[in-house]
Each structure stands twice: as C-alpha cells, then as structure tokens.
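Each remark here refers to the structure printed beneath this line.
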Amino acid sequence: EMVKEKIDVLINDSNKIDNRLEKMKNFDPFTYKEIFEWNQYEKYVQVDNNDFILDLGCSKGYFYFKHADKNINYLGVDGSVDCIQDFLINLNGDDRPKLINAVLDKSKNILNFESMFHDNRVNRSLSITFEDLIFMINRKIDFLKFDVEGYEKYFLYENLDLFKKHVKKFTGEFH
C-alpha cells in the first residue's frame, strides 16, 4: 500500500512537470529549444543528481525546470524583475528553487538596464558582487550556468581566483 502511494505521488509529480514544460514551450519557444532541444548549456559538462546549481541570468527558469527532477539545490539570479515574475508563474507553487532579483556587478549599487525579454523596458535592480554571492552561498558550486549579457567579466576576470576556488563545473554564454 505504501509503495503504491509513493508511485502515485511520483506519477502525479511527473505529470505536473510535463504539463509545466508544455506551457513553457509555448511561453518562449526559442529559449525552450535552446535549453531542452539544443542542449545549449550542457554540450561539455552536465548537471548531476544532487548538484548545487548557481544560475546567473536564470531568466524565466528554463534551466531549473530541465533539472528539477534531479534533486538539485538551485539558486537563480536575474536582474529583471519581469523574468523573476515569469519564473515564479512557471513554478506554480514549487518553492524549492531560491531566487534573487539582482544584477551581477563589480560593486553594490542600484542599476538601470534594459530588460531583454520584455520590450526593452528599463528596470532598476540592486547589484550584487560575485564575492558577496560566494559569501552568501558558503559552499562549493557544483554547476555554474551563466548568461549575464556582458557582466561575466565580474567573475571570470576580476574574481578569477575566487571563481576557480569555488566552482567545480561551469558553462555559459559570453557577450
């Protein structure tokens, strides 16, 4: 009886994920293809079960949803409050991922920038340094995914030693 209940829960969870993915495919077809079909961020390194993932430029959450069934510990960071809002809508009550609405920068500040996915509407966001993120996380990052539209210099150039010390696997886009 208990095994049957656990199987029913797993099937129900799987159906919820499938329904959510179908909704996301229609929500942003290009990003869906980039993450799920083209495997853009995992051509050379892969997310493993139980990985701690830091997703810089998490956008609407597609990378999280691709790996949600792997018992990951996930922290997503995005400067666009609109993207974070879309991510929250896609979560549909799933409270496992942790999200931060901030822009990665070299210092703490309030920055203005154009949102890429919402008709280039100007956003204001708190900035956070890579060093502060590492301090807050306080553990090794198993998998770092980044797509931060030019801000990668703040962890790959200005904090390279910190990056090498705290990141096991990484992938991303350079701008």
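Numbers here simply count residues along the sequence, with the first being 1. Heavy atoms only: backbone and side chains are in, while hydrogens, waters and symmetry mates are out.
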Is [X] atom [atom1] crowded by more than 12 heavy atoms from other residues, nucleotides or ligands, each under 6.0 Å away?
X    : atom1 : result
E131 : CD    : no
K106 : NZ    : no
F170 : CZ    : no
K98  : NZ    : yes

Are the side chain of [X] and the backbone N or O of [Y] linked by a donor-acceptor pair below 3.5 Å?
X    : Y    : answer
D51  : I53  : no
N101 : D78  : yes
T171 : K145 : no
S59  : G61  : no
K108 : D105 : no

Does [X] pair with [Y] as a salt bridge, N-O distance under 4.0 Å?
X    : Y   : value
K60  : D28 : yes
K169 : D48 : yes
K66  : D69 : no

[X]-[Y] side chain donor-acceptor pair, cut-off 3.5 Å:
X   : Y    : answer
Y41 : D147 : yes
E42 : H67  : yes
N50 : N71  : yes

Quick check on the hydrophobic clustering: are [X] and [Y] connected, directly or via other members, by side-chain heavy-atom contacts under 4.5 Å?
X    : Y    : result
I141 : M136 : yes
Y157 : F130 : no
V45  : I72  : yes
L144 : Y44  : no

### Task
Before giving the answer on side chain to side chain contact (heavy atoms under 4.5 Å, CB included), spell out for I100 and L133 the whole-Å C-alpha distance, their side-chain angles and the decisive distance to 0.1 Å.
CA-CA 10 Å; I100 297 174; L133 268 174; 4.2 Å; yes
### Query
Which one of I128, V103, V148 satisfies the side-chain contact (heavy atoms from CB on, under 4.5 Å) criterion with L56?
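When side-chain contact (heavy atoms from CB on, under 4.5 Å) is applied between L56 and each of I128, V103, V148, only V148 qualifies.
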### Task
For side chain to side chain contact (heavy atoms under 4.5 Å, CB included), just list the numbers for L111 and S125, CA-CA rounded to whole Å, side-chain angles, deciding distance to a tenth of an Å, and then say yes or no.
CA-CA 5 Å; L111 299 177; S125 184; 5.8 Å; no
### Query
Can N73 and R139 be said to form a side chain to side chain contact (heavy atoms under 4.5 Å, CB included), step by step?
CA-CA 12 Å; N73 185 354; R139 64 161 291 174; 3.9 Å; yes
Reported [atom1]-to-[atom2] distance for the pair [X] and [Y], which is rounded to 0.5 angstrom:
X    : Y    : atom1 : atom2 : result
F65  : L91  : CZ    : CG    : 4.0 Å
C58  : Y64  : SG    : OH    : 12.0 Å
L99  : D55  : CG    : CG    : 9.5 Å
S107 : D132 : OG    : CG    : 10.0 Å
I110 : R124 : CD1   : CZ    : 6.5 Å
K140 : L54  : NZ    : CG    : 14.0 Å

### Task
Under the side chain to side chain contact (heavy atoms under 4.5 Å, CB included) rule, what do F146 and L156 come out as? Steps first, then yes or no, please.
CA-CA 11 Å; F146 62 89; L156 290 175; 3.8 Å; yes
### Task
Evaluate the side-chain proximity of Q85 to I89: yes if any heavy-atom separation is below 4.5 Å, no if none is.
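A side-chain contact exists here, since the closest heavy-atom pair is under 4.5 Å.
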### Query
With a 4.5 Å limit on heavy-atom distance, are the side chains of Y74 and R96 in contact?
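A side-chain contact under 4.5 Å is absent here.
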### Task
Kindly indicate, with the supporting measurements, whether the criterion ring pair (Phe, Tyr, Trp, His ring centres under 6.0 Å) is fulfilled by F30 and W38.
CA-CA 10 Å; F30 178 81; W38 304 334; 5.4 Å; yes
### Query
What about the rings of F63 and F143, do their centers lie closer together than 6.0 Å?
yes
### Query
Taking the inter-plane angle between the rings of Y32 and Y62 on a 0 to 90° scale, is it parallel (under 30°), tilted (30 to 60°) or perpendicular (over 60°)?
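Correct class here is perpendicular.
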